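These notes concern the structure reproduced below.
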Amino acid sequence: MKLFNSSRVLNLGMTLVLTGFASSAFGAADEETAKTLTTIFRSARAVVADNIKSMQTNPKDAGLDMAGAQKAVDKKYLAATGGKIDTANDASKSLKDSIDAVFTKSFADGFKETWASSKHYPNKLLPARFAREIGQKLKETSGGKYEIRLTVIDECLVNPENKADEWEQKMMKEKIGTKGWEKNKGFFEVQADKKQARYILPEYYDSNCLNCHGAAKGKELHPNCPNTELGSFGGAISVIMKM
C-alpha cells in the first residue's frame with residue numbers, strides 16, 4: 001500500500017513520555033532519529049508504490065535498475081525533508097543499507113518463491129511486503145538495535161506476521177487511531193524497564209491504497225475492517241530503539 005504524504009512529514013508532531021525514567025539515555029535526539037527512520041522507510045516504500053501497476057516481483061518490470069531505485073528513494077526523502085539521507089548517522093545508515101539489500105534481492109528475483117503461494121496477489125512485490133522485508137533486514141543489519149515495521153489493528157490485518165503487539169494495539173486503539181487524535185501526529189515513549197524507546201506514527205489510506213484495501217477487494221482482504229475510505233486510518237509505522 002502507498003501511505004505516504006511527503007508534504008506533511010516535516011510537520012509531524014511528537015509526544016515524549018518519560019515513564020519513570022530520569023536518565024538522559026533517550027531524549028529529543030531520539031525523537032528525531034525515530035522521525036528520520038520513518039521518513040526513510042516511507043520513501044523506500046513509496047518507490048515501490050509508485051511503480052506497483054507495472055511491477056511483479058522484480059523492479060525491472062517497471063523499468064528500474066538498482067541505481068534508479070536508489071536515486072528514487074533519495075529523491076523522495078529530499079522532497080519530504082529538504083535534505084539528503086545522513087549515512088554518517090548510525091540509524092540512518094543501517095536503514096539505508098537494509099533498503100539497498102532488499103532492493104538487491106528483489107532485482108535478483110529473491111522474493112519470487114516467498115510470495116508465490118500468497119492467497120492475495122501472489123508473486124506481487126507489494127509496498128507492504130517490501131516494507132516488511134526492510135524491517136526484517138534492519139533488525140539484522142543493526143544487530144537488533146533498531147526495528148521498524150508496518151502494523152495495523154487486528155480487524156484490518158492481512159498478514160499475520162504484521163500483527164501488532166500489546167503496546168502497538170493500545171496506541172492505535174487509544175491514541176493515534178482515534179478520531180480525536182491530531183492528524184499525522186506520532187507518539188514517542190521511553191520504556192525504562194525494557195531499556196528501549198518506541199515511536200508509532202499513524203498512516204492513512206490514499207487512492208493507491210484503496211486499490212487493494214477499498215471496496216470489494218478490501219472486504220475480501222479484511223471483511224471486518226472499519227477503515228476502508230479515503231483518508232481513514234490505515235495502520236501505523238512502529239519503531240523500536242534499544243538502549
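Bear in mind the structure is a predicted one, so any value in this text is a computation, not a measurement. Note: hydrogens, waters and symmetry copies are ignored here, and every other heavy atom, side chains too, is used.
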Practice prompt. With sequence neighbours excluded, tell me which residues meet salt bridge (Lys or Arg N to Asp or Glu O under 4.0 Å) with Lys194.
Written response: none
Response to the item:
Ser94 and Thr141 have their tightest heavy-atom pair at O-CG2, 3.8 Å
Worksheet item: Which heavy-atom pair separates Thr36 from Ser92 by the least distance, and what is that distance?
Response: CG2-OG, 3.5 Å
Worksheet item: Is there a path from Val239 to Val190 through hydrophobic residues (I, L, V, M, F, W, Y) whose side chains come within less than 4.5 Å of each other?
Response: yes
Worksheet item: Among Ile148, Thr39, Ile200, which one satisfies side-chain contact (heavy atoms from CB on, under 4.5 Å) with Ile237?
Response: Ile148
Worksheet entry | Counterpart residues, salt bridge (Lys or Arg N to Asp or Glu O under 4.0 Å), relative to Lys195 (two or more places apart) | none
Expected list for residues 59-67: side-chain donor-acceptor pairs under 3.5 angstrom, two or more places apart:
unit_1: Asp61; atom_1: OD2; unit_2: Gln56; atom_2: N; d: 3.1
unit_1: Asp65; atom_1: OD1; unit_2: Ala67; atom_2: N; d: 3.4
unit_1: Asp65; atom_1: OD1; unit_2: Gly68; atom_2: N; d: 2.6

Item to complete: Of all the heavy-atom pairs spanning Ile176 and Leu201, show the shortest one and how long it is.
Response: CD1-C, 4.1 Å
Discussion item. Tell me every residue that passes salt bridge (Lys or Arg N to Asp or Glu O under 4.0 Å) with Glu133, counting only those two or more places apart in sequence or in another chain.
Written reply: none
Fill in: Non-hydrogen side-chain atoms of Tyr204 and Asn184 separated by less than 4.5 Å
yes
Practice prompt. Please answer: with hydrophobic residues joined when any side-chain heavy atoms are less than 4.5 Å apart, are Met243 and Tyr199 in the same cluster?
Written response: yes
Worksheet, complete the sentence: OG of Ser98 to NZ of Lys93, rounded to nearest 0.5 Å, is 9.5 Å
Worksheet item: Sequence neighbours excluded, which residues qualify as side-chain hydrogen bond (donor to acceptor under 3.5 Å, both in side chains) partners of Glu113?
Response: none
Practice prompt. Check Phe107 against Ala69 and note the closest heavy-atom contact, atom names and distance.
Written response: CE1-CB, 4.2 Å
Item to complete: Give a yes or no on whether the backbone of Trp167 and the side-chain of Arg198 come within a donor-acceptor separation of less than 3.5 Å.
Response: no
Item to complete: For the residue pair Ile85 and Asp74, establish whether any side-chain heavy-atom pair is separated by less than 4.5 Å.
Response: yes
Fill in: Nearest-0.5 Å distance that lies between atom CD in Gln136 and atom CD in Glu147
9.0 Å
Worksheet, complete the sentence: Heavy-atom nearest pair, Leu125 first then Val48, reads O-CG1, 3.4 Å
Item to complete: Return the set of residues passing side-chain hydrogen bond (donor to acceptor under 3.5 Å, both in side chains) with Lys105 (not counting sequence neighbours), or none when no residue passes.
Response: none
Worksheet entry | Considering all heavy atoms, the nearest Gly235-Val152 contact | CA-CG2, 3.8 Å
Worksheet item: Hey, does Phe233 have a side-chain heavy atom less than 4.5 Å from the side chain of Trp181?
Response: no
Item to complete: Sequence neighbours left out, what passes side-chain contact (heavy atoms from CB on, under 4.5 Å) with Thr33? Give chain and number order.
Response: Leu37, Ala91, Met241
Discussion item. Working to the nearest 0.5 angstrom, can you tell me the gap between Lys96 NZ and Asp86 CG?
Written reply: 12.5 Å
Worksheet item: Rounded to the nearest 0.5 Å, how far does CG of Asp100 lie from OG1 of Thr104?
Response: 6.0 Å
Worksheet item: Does a side-chain heavy-atom distance below 4.5 Å link Lys139 with Arg149?
Response: no
Worksheet entry | Partner set under ring-ring contact (aromatic ring centres under 6.0 Å, His included) for Phe130, not counting sequence neighbours | Phe103
Fill in: Non-hydrogen side-chain atoms of Lys163 and Asp154 separated by less than 4.5 Å
yes
Item to complete: Could you tell me which residues satisfy side-chain hydrogen bond (donor to acceptor under 3.5 Å, both in side chains) with Lys137, sequence neighbours excluded, listed by chain and number?
Response: Glu140
Worksheet item: Got Gln191 and Glu189 here, is their nearest side-chain heavy-atom distance under 4.5 Å?
Response: yes
Worksheet item: Are Phe111 and Leu150 connected in a single hydrophobic cluster, I mean Ile/Leu/Val/Met/Phe/Trp/Tyr linked by side-chain heavy atoms less than 4.5 Å apart?
Response: yes
Discussion item. Under the rule for side-chain hydrogen bond (donor to acceptor under 3.5 Å, both in side chains), what residues qualify as partners of Asp90, not counting sequence neighbours?
Written reply: Tyr146
Response to the item:
d(Asp109 CG, Asn58 CG) to nearest 0.5 Å is 4.5 Å
Practice prompt. Just jot down the salt bridge (Lys or Arg N to Asp or Glu O under 4.0 Å) partners of Lys170, sequence neighbours excluded, or say none.
Written response: Glu174
Worksheet item: Can you name the residues that form a side-chain contact (heavy atoms from CB on, under 4.5 Å) with Ala164, not counting sequence neighbours?
Response: Thr151, Glu168, Gln169, Met172
Worksheet item: What distance separates Ser238 OG from Asn162 CG, expressed to the nearest 0.5 Å?
Response: 11.0 Å
